[in-house]
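Accompanying notes for the structure given below.
Note that these values count all heavy atoms, side chains included, but never hydrogens, waters or copies made by symmetry.
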Amino acid sequence: MDNFQKKFLDEASDLVSQLEQALLTLEQDMGNPELVDSIFRIMHSLKGGGGMFGFDNISNYTHRLENMYDLVRQKKLKVTREMLDITFESADHISSMLNDDGSKTEEIKKNEEILNSRIEAILDGDSMSVVTVGDSVEVKPGLASYYVKVKPYEHIQRNGTNPLLLIDELVGLGRAKVNIFYSNIPDFESLVFDDTYIWWEVILATESDIDAIKDVFIFVEDDCEIVIKKLADGDVFSFDGIEPLLQCSHDFPFDLEKITSLANTIQALEKAKTETAQAAAAKEDKGDEHIKKFAKESTISGIRVASEKIDSLMNLVSELITTQAGLNLYADRAKNAELTRIAEGLENISRQLRDTAFSITLIPIDYLVVRFRRLVRDLSREVGKEIEFEARGAEVELDKSLIEGISEPLMHILRNSVDHGIETAAERKAAGKSPTGKITLSAYYSGSQVIIAVTDDGQGMNPEKIRRKAIEKGLVAPDAQMSDKEAIDLIFMPGFSTSEKVTNISGRGVGMDVVKRKVSDIRGTVSVSSELGEGTTITISLPLTLSIIDGMLVRIADVDYIIPLSVIDTIFAVEHEKIVSSFQNVINIEGVQYPFYYLRDEFAIPGDAPEREEIIMVKYEDRKIGIVVDNITGEYQAVLKPLGKLYRNQDIFSGASILGDGTVALVLDTHKVINQFTRYNDL
């Protein structure tokens, strides 16, 4: 596959996402003509790009969809639920065609036959189809004539574009007269076989608006000189006296002045019709502004870069930071003022480079929102519930690796909210609620973390029911004592489910344990809060990035560790005697009782501790818990490296970092440290 086809596949995937977003909005306002125009434009782009880059199956299929929405634009069809359902399924079908490796070709063809028959059923029900008489299009409101000049630059065919296909598509919009110019063709000796020397003028009478004409050239705007002028309302080919003005020979341009003058003279005789046309043109201009706005909002201003190149850039930046740490250490030992100055300057540059490179890897959560909105829509229809989905903070950005890792857990949560959380309309009415349930996805920054919360206003969780089900499944002892919160947290245990029956959505005993495991894999945490009869909120906390963190370098005996700065609240210096004499690992500092973990004991590190040690207060859920270390070296910019296969089960370490002197420091996941040592000490 050549680079142009790969580029089209990337752009087509973005267009399908834009199509789904526009459809979801249109579903809430089915009479909005501007949204219909936006959908039509997206389909036209898919059709044009597919035809240009050899994806004829996509081009042909989207052409049928385009016809359906063109009739809506002409007010010959109304948007219906059936039409939207077909278009949503068509978006999935186009995605399947884009991703087909040949293994599902027959399945795709069968699905396309079904969709085509449904589209034809809608089109056959249209009693206001376009009327044609002989070779001319019948004059009706919206019909207009245009002059189009298409002068390709010589290099256009080197980009994979055949300009003849552009002219063919343009002529296909209506009735046309084409004039060809050969005068730029050089002598045979100077001829370059893949250069383009000819150009065209076209007089076009069409019901399509000027944006549809522009869309023909949407992929070649930088490779052609394009001029589009409106000549008159109506079909100039039907004007008396126009025929001689259209009889031109090659290399002699149309006399636009005479054509326009004749058109103005004829239209001046019908003043009322002219006023009507002006009103229609004003409405068209307004629609044009909206489409341009939609296009601006729906595309990213910038360049498209392969994710592999971004990964490579981040790896190089990571190596630079590690090398920088070595240079700083050498400069410190050398006691050379000039070398220290250079090292500090380089450190400042590398830090800025790190921040810039890191920002490139960030993707807004909005990237996932369209998919989730579609998921809730389809699932709610499947289970017969009325559910509204709302997204807040969709502009919040995450590392692309985190976006990929969080997608599946969030889909699990949304499925559970639809299936278990939200009640049926009848149940909600009986409980005094609105018949329409609501699921809200909220995202916001909290320090150096991103918080994503999924909230539903459904029936909530019953702690007693969860407790009984856990006992029934043998997950907890019958005499186990636990709070309501601890009971609710049982939903994260493997194999736990309160569903009485297996469905396509949930109830197979997998789900929330998968959520917790996958969130943990990307160094995140997940928690749940619920109120019976009011609803449930599941909250996921994630780091901003997986590759580079700001940490605190600490030491126990002769081993270095790194604790992420994002979890550190305060640090206290404490006498060793006070720590060892504490009761049940609780220490009083400035009149406040703090529980703590003594890492020398927990890690079974031999040797004598210093007289004064450091206790680092880290944030854990809604509390502060101390982590005791020998001493603190200082802040450190850590490049995280995986521990490898032999240490994959060491959950308390989220990775390792190479220090400036070449030694390795383990990165502590304090949340898992506390969880593991709490369970161990309770045994």
Side-chain angles (χ1 to χ4, degrees), residues 1-18 45-46 49-50 52-55 95 98-101 155 158-161 218-223 296 298-326 346-371 394-408 448 450 521-524 542-550 637-642 644 654-658:
M1 182 182 294
D2 61 33
N3 290 332
F4 295 109
Q5 288 180 317
K6 290 179 180 178
K7 183 178 179 181
F8 167 73
L9 290 176
D10 289 339
E11 292 179 346
S13 296
D14 289 343
L15 287 170
V16 171
S17 180
Q18 293 173 29
S45 298
L46 282 168
M52 184 176 297
F53 296 107
F55 295 89
S95 294
L98 290 170
N99 299 315
D100 182 31
D101 58 1
H155 66 264
R158 300 175 197 169
N159 295 337
T161 301
I218 193 169
F219 293 106
V220 294
E221 292 175 343
D222 298 329
D223 300 313
K296 182 178 181 181
S298 301
T299 57
I300 299 173
S301 177
I303 60 174
R304 186 182 297 275
V305 180
S307 60
E308 293 82 4
K309 293 182 180 179
I310 295 177
D311 292 338
S312 177
L313 174 63
M314 288 302 298
N315 288 335
L316 290 173
V317 171
S318 299
E319 294 301 323
L320 174 63
I321 291 172
T322 301
T323 305
Q324 176 65 50
L346 185 58
E347 181 180 18
N348 182 50
I349 293 172
S350 64
R351 185 176 291 272
Q352 292 182 50
L353 180 60
R354 178 204 70 168
D355 293 341
T356 301
F358 171 55
S359 68
I360 293 174
T361 69
L362 296 180
I363 297 174
I365 292 176
D366 187 51
Y367 175 81
L368 298 173
V369 168
V370 174
R371 190 188 313 174
E395 70 281 357
V396 169
E397 295 181 318
L398 271 176
D399 186 297
K400 73 178 185 68
S401 299
L402 288 168
I403 287 284
E404 294 167 357
I406 200 60
S407 176
E408 185 178 342
S448 61
V450 171
D521 288 345
I522 52 177
R523 300 202 344 260
L542 297 169
L544 280 175
T545 181
L546 292 175
S547 55
I548 303 173
I549 65 167
D550 289 319
Q637 190 176 197
V639 177
L640 295 188
K641 302 288 185 180
S654 55
S657 183
I658 301 174

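Rounded to the nearest 0.5 Å, atoms CG (Leu9) and CD (Glu11) are 10.0 Å apart. The line from CZ of Arg351 to CG of Leu346 is 12.0 Å long, rounded to the nearest 0.5 Å. To the nearest 0.5 Å, atom CG of residue Asp223 and atom CD of residue Glu221 are 10.0 Å apart. Between Ile321 atom CD1 and Gln324 atom CD the span is 9.0 Å, to the nearest 0.5 Å.
Nearest heavy-atom pair, Ile522 versus Gly405, reported as atom, atom and distance to 0.1 Å: CD1-C, 4.0 Å. Taking both residues in full, the closest heavy atoms of Leu15 and Ser45 are given as CD1-CB, 3.9 Å, listed atom of the first, atom of the second, then distance.
Of the possible donor and acceptor atoms, none in the side chain of Ser407 sits under 3.5 Å from a partner among the backbone N and O of Glu404. Ser359 places a side-chain N or O within donor-acceptor distance of the main-chain N or O of Thr356, the cut-off being under 3.5 Å.
Annotation: side chain to side chain contact (heavy atoms under 4.5 Å, CB included) contacts of Asp366 (sequence neighbours excluded): Pro364, Val369, Ala394. Remark: Asp550 engages Arg354 in a side chain to side chain donor-acceptor pair (under 3.5 Å) (not counting sequence neighbours). When the side chain to side chain contact (heavy atoms under 4.5 Å, CB included) test is applied to Leu316, the partners found at least two apart in sequence or on another chain are Ser312. With sequence neighbours excluded, the residues forming a side chain to side chain contact (heavy atoms under 4.5 Å, CB included) with Ile403 are Ile363, Ile365, Tyr367, Leu368, Leu398, listed by chain and number. Remark: Ile360 pairs with Ile310, Leu313 by the side chain to side chain contact (heavy atoms under 4.5 Å, CB included) rule, at least two apart or across chains. The salt bridge (charged side-chain N to carboxylate O under 4.0 Å, His left out) test applied to Glu408 returns Lys518, not counting sequence neighbours.
Within the 4.5 Å cutoff, side-chain heavy atoms of Ser13 are placed close to those of Leu98.
Remark: Asn348 CG is packed, more than 12 non-hydrogen atoms of other residues, nucleotides or ligands lying under 6.0 Å away.
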